[in-house]
2 protein chains.
Amino acid sequence: MITTRDIAERLGVSVSTVGRALADDPRISEETKFRVRQAASDMGYVGNRAARMMRGASSNVVALVIPDIRNSFYSTIAHELSKNMESEGFQLMLSETDDDRTAELRHLRELSANRVAGVIIVPSARPHSESVKLLRALPHVQLLRRHPSLGSQWFGVDDQEALRRATAHLVAQGHTRIAYLGGPEELPTGAERLRGFRSALREGGLPDDAGRAELGPPSSVGHGRETVRRLLSGPDVPTALVLGSIQLTLGVLEELSRQGVKVPQELSVVGFGDEPGFSWWGPGLTTVGLPIQEMATGCALWMIRRLKTEPGNDGPYTAVSPGALILRGSTASPDGGTPSRSA
Amino acid sequence: MITTRDIAERLGVSVSTVGRALADDPRISEETKFRVRQAASDMGYVGNRAARMMRGASSNVVALVIPDIRNSFYSTIAHELSKNMESEGFQLMLSETDDDRTAELRHLRELSANRVAGVIIVPSARPHSESVKLLRALPHVQLLRRHPSLGSQWFGVDDQEALRRATAHLVAQGHTRIAYLGGPEELPTGAERLRGFRSALREGGLPDDAGRAELGPPSSVGHGRETVRRLLSGPDVPTALVLGSIQLTLGVLEELSRQGVKVPQELSVVGFGDEPGFSWWGPGLTTVGLPIQEMATGCALWMIRRLKTEPGNDGPYTAVSPGALILRGSTASPDGGTPSRSA
DNA sequence: CACTCTCGTGCTAACGTTAGCACTACTTGG
DNA sequence: CCAAGTAGTGCTAACGTTAGCACGAGAGTG
């Protein structure tokens with residue numbers, strides 16, 4: 001690798017002069033600058049950021065710690081962040097945890113060792129205390145999920161409101177046996193969504209046993225498939241189904257298609273998030289739209305400002321974006337079975 | 001930030017001793033090691049990789065340079081790479097180029113400055129010469145697309161064979177007006193897929209004007225929508241459509257659903273790649289399965305071996321994986337219109 | 001008892017870059 | 001013609017870590 005020293009020796013000047021010329025220092029003559037730049041370009045010089053970091057410069061790497069990039073939820077976020085970061089000169093490090101707190105810790109250790117400038121994280125259910133310690137030593141924001149020990153910097157959607165709206169739509173159509181399929185309660189998002197589901201039932205004046213919650217791994221398509229299979233073959237088949245994650249929605253749609261379940265006549269369904277296939281699935285899936293892009297952009301801008309301006313002078317910052325219901329054809333009243341709006 | 005020096009001062013030993021204790025050097029007594037580790041843990045010491053790199057240690061960061069992470073094609077790759085890299089102690093840097101060679105160059109400059117250990121890249125159509133220079137100075141592999149100036153390390157699918165099979169299937173069903181919708185010819189994958197399309201027509205004994213190629217941006221859903229709209233409203237409407245990218249497929253399916261085109265009676269369709277929604281779209285989409293996972297894993301393993309073993313002693317290495325056709329219900333013969341296999 | 005060995009540790013330099021200070025050769029003002 | 005300034009450049013130290021060499025104390029050997 002070419003260093004400033006190589007350039008200096010070739011031109012017969014000092015390393016300081018080379019360094020200053022490349023930094024466009026006003027004290028260096030135009031002629032010298034020109035010669036240095038020429039030589040640098042000729043020799044294929046590329047500055048060494050590791051060395052700069054040793055002299056106090058901060059890293060230009062921001063890490064994104066998420067469960068699984070294949071989930072379109074997260075890939076959208078990654079894209080939006082990457083785009084915003086790139087334009088400000090930051091690079092994005094991608095760490096997948098698979099919702100495993102030990103993997104999460106391993107990644108955070110590596111990220112700390114690499115002295116990343118900041119971390120944007122979708123925390124696991126109960127992060128290791130060392131993870132918390134490591135994060136607290138860095139500029140960090142939480143995304144979507146929110147863990148109290150990690151401070152108040154958080155960007156996410158109003159999960160409770162999202163599920164309240166989805167469920168209220170079904171309640172308004174007269175459903176009294178509604179199943180909710182979502183993530184575990186120990187996940188902050190899982191708890192919030194479940195709360196939204198329950199509160200919609202309560203507000204609709206329905207008894208406690210009108211709702212049934214099936215909780216499990218939120219990013220498992222397979223779990224969605226299996227659960228809907230179990231629900232449909234068991235006793236007390238619900239007339240409506242509300243979903244609490246994109247991956248679960250994908251699994252459920254696949255299984256309903258495979259079994260040929262008539263939607264919305266036999267079963268009404270409200271999905272979570274919006275995916276390319278949702279509009280052409282069966283009668284079109286009524287679903288909760290999520291302003292993921294806006295959220296990710298907000299988060300990126302916050303992190304950029306946090307990194308550009310000196311200390312954490314902008315205090316706690318929290319943004320909540322609500323999700324709007326996208327009406328398609330997958331819901332109807334439980335008796336007659338006329339869609340609320342055909343696709 | 002805590003340094004080895006801080007630990008040394010606290011324990012009244014030298015930095016060397018601390019360094020060696022943390023590196024588990026056999027020369028250090030067990031008792032000292034214990035005290036050092038204890039203190040390091042107490043004080044929240046995290047080694048500084050930038051400093052290590054200055055002493056000749058190599059980075060543990062591998063970069064992935066792709067057009068767009070939202071494309072499930074690439075997010076699958078990213079996931080597979082991340083998984084494999086993580087288990088070997090590497091971190092993954094994500095750089096999105098949006099198929100723009102200038103963005104590509106910007107990223108490569110940053111990656112070089114950060115002294116990443118290696119680069120896995122889906123190169124743009126015609127990379128800047130500086131990009132080529134930067135890449136050649138690093139361990140690198142090409143993924144999917146292959147640019148001759150970037151050496152022979154490449155992992156990808158046999159694009160020509162994939163489209164040959166897709167097209168041959170339609171030819172065998174008797175179609176004589178087949179449209180191909182794919183990426184531009186200047187992209188290596190675009191050229192290969194187009195070649196596969198043409199060779200299948202030739203092998204089927206069809207005249208040159210039986211096939212019609214519509215080329216455009218491969219990762220634009222919108223372009224898929226518009227082109228299919230144009231094709232269907234223009235003269236000489238084809239009886240079959242072969243697609244040459246996942247994003248284009250998504251756009252086409254959406255538009256065909258929206259216009260209520262009867263598939264396969266009015267139009268036969270063969271997609272590219274397999275996505276969650278493809279199985280439940282209309283009659284089920286017949287499509288070319290792509291062994292993306294296998295390809296990504298192969299690529300990751302190659303890069304890991306390249307980085308672990310000293311020089312590039314393993315010479316040029318090229319893997320080609322064929323794609324198999326997944327038969328669903330979206331194709332039929334052009335006259336009668338009985339599906340080859342109903343969903 | 002002197003010699004050599006081994007064990008455990010410390011000192012120093014080096015990696016590439018940058019900031020502070022110092023130095024030289026001019027130029028300007030009195 | 002000398003003092004003071006200025007433009008342009010060089011020298012040196014420092015960032016955190018590690019590898020090579022050196023050192024002192026104690027153990028083993030003749």
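Treat the numbers as computed from the prediction; the structure is a model and nothing was measured. A, B, ... follow the sequence lines: proteins, then strands. Residue 1 opens every chain.
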Partner residues of A:T102 under the side-chain contact (heavy atoms from CB on, under 4.5 Å) criterion, sequence neighbours left out:
A:D100, A:R106, A:H128

Sub-4.5 Å side-chain heavy-atom contact between A:L22 and A:Y45
yes

To the nearest Å, how far apart are A:E30 CD and D:dA7 P?
13 Å

Does a nitrogen or oxygen in the side chain of A:S14 sit under 4.0 Å from OP1 or OP2 of D:dG10?
yes

Would you kindly give the CD1-to-P distance between B:I28 and C:dC7, to the nearest whole Å?
13 Å

Using a distance-only criterion (donor-acceptor N/O pair, under 3.5 Å, no hydrogens), is the base of D:dG10 paired with the side chain of A:R20?
yes

Starting from P on C:dA14, measure out to CE on A:M1 and report it in whole angstrom.
22 Å

Nearest-Å distance for atom pair CZ/C1', residues B:R5 and C:dC11:
14 Å

Distance, rounded to the nearest Å, where B:K33 contributes NZ and C:dC7 contributes P
13 Å

With sequence neighbours left out, what residues match A:R55 under side-chain contact (heavy atoms from CB on, under 4.5 Å)?
none

Rounding to an integer number of Å, can you tell me how far B:E9 CD sits from C:dG10 P?
13 Å

Set out, in order, the CA-CA distance, both residues' side-chain angles and the distance that settles side chain to side chain contact (heavy atoms under 4.5 Å, CB included) for B:L143 and B:M295, then state yes or no.
CA-CA 9 Å; B:L143 206 55; B:M295 184 194 66; 4.3 Å; yes

Measure the distance from CZ on B:R49 to C1' on D:dG16 and round it to the nearest whole Å.
14 Å

Nearest to the side chain of B:S16, heavy atoms from C-beta on, is which of C:dC11, D:dG10, C:dT9?
C:dC11

Roughly, in whole Å, what's the span from CD1 in B:I2 to P in D:dC15?
15 Å

Please list, in numerical order, the residues of residues 51-61 of chain A that have a heavy atom closer than 4.0 Å to any atom of DNA chain C.
A:A51, A:R52, A:M54, A:R55

Determine whether a donor-acceptor pair (N or O, by modelled atom type, separation under 3.5 Å) exists between the side chain of B:R145 and the backbone of B:P188.
no

N/O donor-acceptor pair under 3.5 Å between B:H140 side chain and B:L134 backbone
no

The side chain of B:N48 is closest to which nucleotide in this list: D:dC21, C:dG16, D:dG16?
D:dG16

Result for 5'-nearest mapping on DNA chain C, choosing between B:V13 and A:R27, is B:V13

Would a distance-only check, ignoring hydrogens and angles, find a side-chain to backbone donor-acceptor pair under 3.5 Å from B:Q142 to B:H147?
yes

A:S29 side chain N/O closer than 4.0 Å to the phosphate oxygens (OP1, OP2) of D:dA7?
no

